[in-house]
Amino acid sequence: METLHLLLSGFATALQPDNLLMAAIGAFVGTLVGALPGLGPTSAIAILLPLTAVLSPTKAIIMLAGIYYGAMYGGASSAILLGIPGDAAAVATCLDGHPMAKQGRGGPALGTAAFSSFAAGTMGVIALVFFGPLFADQALKFGPPEYFALMLLALTVVIGLGGASISKALAMGFFGYLLSLIGLGTMTNMPRLTFGYAPLWGGLDVISLVIGLFAISEVLNGIEEKKVAISMGNIGSVFPTLNDLRKSAKTIVRGGTLGFFMGLLPGVSAAITTFLAYDLEKKCSKTPERFGHGAIEGVAAPESANNATSSAGFITLFALGIPGSPPLAVLLGGLMIYGLTPGPMLFQQNPDFVWAVIASMFIGNAVCLVLNLPLVGLWAKLTQVPFGILAPIILLISIVGTYTIRNDMLDVLVALIFGILGYFLKKFHWPLVPLIICFILGPMLEKSLLQSFAMAFENPFIFFQRPISLTLIVVTGVLLIISIILRRRTNSRIASSGLEEV
Amino acid sequence: MKMKKKMIWIIGILLLTVTVAGCSSQSTQGSSQTDKQEAAYPTKQIELVVPAGPGGLTDLTARLVADFVSKKWKQPVLVINKPGAGNVTGLQYGLIQGRPDGYTVVADNIAASVLMAAGMKNPPIKLEDRIFVSKFVDNPMCFSVAADSPFKDMKELVEWIKQNPEKLTHTSLSTTSMNALTAAELCKAIGVDYKKTQPVLVQSGSAGITMIAGGHAVLGDQSVQETYPLAAGGKLRVLAVASKERSLLFPDVPTCQELGINIDVTWYGGISVPKGTPDYIVKKWDQAIAEIEKDPEFINKMKEMHGNASYLNTADYNNSIKEQVEQYTELFDSMGVRQ
């Protein structure tokens with residue numbers, strides 16, 4: 001009851017016109033930077049951090065938090081309409097969102113993305129309000145063995161989303177893992193696979209891979225096909241139909257729940273939860289063969305997981321002072337500038353602040369929805385712009401975007417190389433998703449494996465001796481079996497329906 | 001028609017000569033300025049390179065310095081984050097690629113300078129690649145355990161470590177990080193072989209301290225700034241501070257020296273410039289840092305970020321670095337981790 005009271009007084013603060021304005025500005029800036037690849041929430045928050053010097057702490061954090069979840073909304077629009085995933089988290093959205101846009105259903109895809117983001121984000125904030133500190137303590141119980149088991153579980157996605165051939169999927173996964181090894185070793189800090197070339201010490205950035213493999217290769221593909229526009233047909237209704245939403249309701253709940261619980265764990269980023277949610281949805285679906293060809297659930301699942309993950313990140317940040325992802329680390333910096341120490345003490349010492357920020361998240365989510373929905377129609381028209389005009393723009397955005405990651409031309413070069421590579425891989429039906437997944441998971445697997453061995457004094461059975469990791473490993477085994485059975489079913493259906501799996 | 005073409009040529013050549021003349025006169029002006037040596041500095045924006053991502057103590061305190069220095073000199077000081085490769089990316093950008101003209105300065109720290117030099121036989125960035133200007137922030141290391149750990153004080157822990165050195169797990173950013181150094185200094189002081197202990201390598205201070213709070217490793221060897229949030233929240237018990245003086249964040253926690261363990265390990269950050277930067281610019285920076293370190297507002301802001309404003313002038317700073325490099329090279333050698 002006291003929580004509710006605090007929350008209501010938080011709303012009273014957050015609904016003051018000036019605070020409301022801050023939430024709106026944050027959400028707007030966030031949507032904008034989210035839509036532009038490379039310039040993610042991390043850099044946007046970092047750039048705007050000095051601005052906070054003139055604002056009061058509550059206003060500043062409301063604005064910065066707005067940028068954070070606004071960016072999650074914005075990421076969807078470029079992924080769906082242009083096929084440019086701004087970051088790894090948007091790749092899963094791209095898988096079905098872009099095909100939808102090509103079919104002239106870009107409007108409903110965007111609408112569904114905005115709506116599922118809103119619904120799951122709100123669910124996440126509600127969970128944050130009522131169970132925040134409780135869940136935070138559970139997150140501490142996750143040690144290296146548990147992370148290792150969790151990453152193994154995530155790895156099963158490779159089988160689920162790897163396309164028609166398991167061996168091709170595994171080969172691409174292995175290639176992705178090899179790419180992730182480039183740079184300083186996660187544990188040894190010694191250069192690996194850099195061939196004596198010092199600029200490679202920093203490793204490859206996942207964003208340049210994603211932009212290359214998905215956006216640039218798509219442009220090349222379009223040139224080859226002499227594409228006239230992304231979408232040829234009539235745009236039709238820009239809003240998702242009631243039927244679309246009804247279809248997505250269960251998906252949003254599933255994706256949101258998965259995203260929320262995974263998001264509680266520091267280090268488990270939206271990039272991982274979106275793929276897991278997408279794979280889960282494909283498994284739950286009665287018609288898995290539609291995935292990859294513009295299934296609306298394929299947009300709703302990752303988008304809901306995405307926003308739930310970002311809400312859950314606030315729990316570990318506020319309750320424990322642990323930033324789960326880079327943008328949250330910058331936000332933590334913002335809190336520190338004001339002399340606010342995140343952790344359980346924050347709830348006790350500055351309840352007004354905490355609850356105003358939480359209340360502003362409800363409002364911010366609503367603002368994002370209001371901001372995005374009217375624009376959907378306008379955005380969707382982008383898909384009808386002649387490809388001859390759009391293609392150079394996509395290339396330009398991609399190149400500028402990859403450059404802004406680290407202000408390094410090397411990243412641009414990498415994106416271009418992978419653009420060409422991606423074009424050929426797509427042409428010969430080598431799946432790209434396993435590459436990205438293994439690139440993200442590889443270093444985390446390696447790290448948690450070595451850490452587990454170190455803390456267990458080289459005892460390999462540690463994974464089976466701890467209840468959480470044992471459970472996760474059993475679940476992984478079950479998932480693997482289900483995945484293989486489902487693949488057979490999907491493959492036979494694809495064969496009968498004449499569709500081609502991507 | 002021909003006339004017109006000729007005219008275009010003439011105009012073109014004229015324009016070219018004017019441009020070339022303009023450029024060359026500008027360059028002579030530039031060189032005469034450097035001849036005069038102590039030209040006005042700064043006359044334009046300065047880049048302050050942070051070899052770490054935004055949000056950490058290195059970044060926050062650098063932003064604070066940037067803020068105060070830019071107010072003082074009435075020139076913008078732009079903080080640029082260049083994280084990656086364990087400080088190397090940022091140092092490479094700031095010290096090796098940066099021009100020694102005072103408009104590129106680096107927020108250096110002990111891990112990037114002393115530990116890199118002491119931990120590697122052939123470090124990618126050497127001490128001689130930069131001029132150490134002055135130190136501006138301190139952040140003592142400390143020892144902590146999970147709140148539900150059986151160890152109630154440092155004495156109990158030390159006794160246990162002496163009995164079971166091979167069971168001592170602790171977290172560390174690398175084999176030659178501040179964390180490894182802190183744990184190794186403790187072992188040396190209490191007569192335990194560090195090589196018997198089990199370091200668990202982690203990728204960030206916050207990941208390391210979270211593992212301690214969750215009971216996945218025994219001994220926390222992070223800085224007070226990294227330890228504070230979880231300790232204040234009752235998830236960690238801080239047993240001792242590794243610096244000479246008590247920490248402002250934990251006024252009730254004894255120092256190791258008070259407990260008879262003779263160690264002094266503190267993380268610190270300072271300003272460095274690329275080698276070859278003129279003396280008068282180094283002096284100007286040192287003076288500026290010395291002045292802002294006396295500003296109560298600066299000290300207070302620093303405290304809010306859980307850092308400790310602490311100044312060393314160019315000479316003292318260089319001496320202390322030299323001493324530490326010798327001391328820690330020997331230590332890392334004895335630990336067998338020097339690469």
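Proteins get letters first, then strands, A, B, ... in listed order; numbering begins at 1 in each.
With a threshold of 4.5 angstrom between heavy atoms, B:Lys303 does not approach chain A through any atom at all. For A:Phe142, the part lying near chain B is the backbone, with the side chain staying farther off; criterion is any non-hydrogen pair under 4.5 Å. For a residue to count as touching a neighbouring chain, one of its non-hydrogen atoms must lie under 4.5 Å from one of that chain's; by this rule B:Tyr93 does not touch chain A. For B:Gln225, the part lying near chain A is the side chain, with the backbone staying farther off; criterion is any non-hydrogen pair under 4.5 Å.
For the set B:Lys167, B:His170, B:Gln92, the entry with the most heavy-atom pairs within less than 4.5 Å of chain A is B:Lys167. Top candidate by heavy-atom pairs under 4.5 Å with chain A, chosen from B:Arg63, B:Gln198, B:Glu166, is B:Gln198.
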Which side-chain N or O atoms in residues 194-204 of chain A pair as donor and acceptor under 3.5 Å with protein atoms at least two apart or in another chain?
none

What donor-acceptor contacts under 3.5 angstrom involve side-chain atoms of residues 205-220 of chain B, with partners at least two apart or in another chain?
unit_1   : atom_1 : unit_2   : atom_2 : d
B:Thr210 : OG1    : B:Ser206 : O      : 2.4
B:His216 : ND1    : A:Arg466 : NH2    : 2.8
B:His216 : NE2    : A:Leu140 : O      : 3.0
B:His216 : NE2    : A:Lys141 : O      : 3.4
B:His216 : NE2    : A:Gly143 : N      : 3.2

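Within the 3.5 Å criterion, the main-chain N or O of B:Leu201 finds a donor-acceptor partner in the side chain of A:Gln451.
Residues B:Val200 and A:Ala454 come closest through the heavy atom pair CG2-CB, 3.9 Å.
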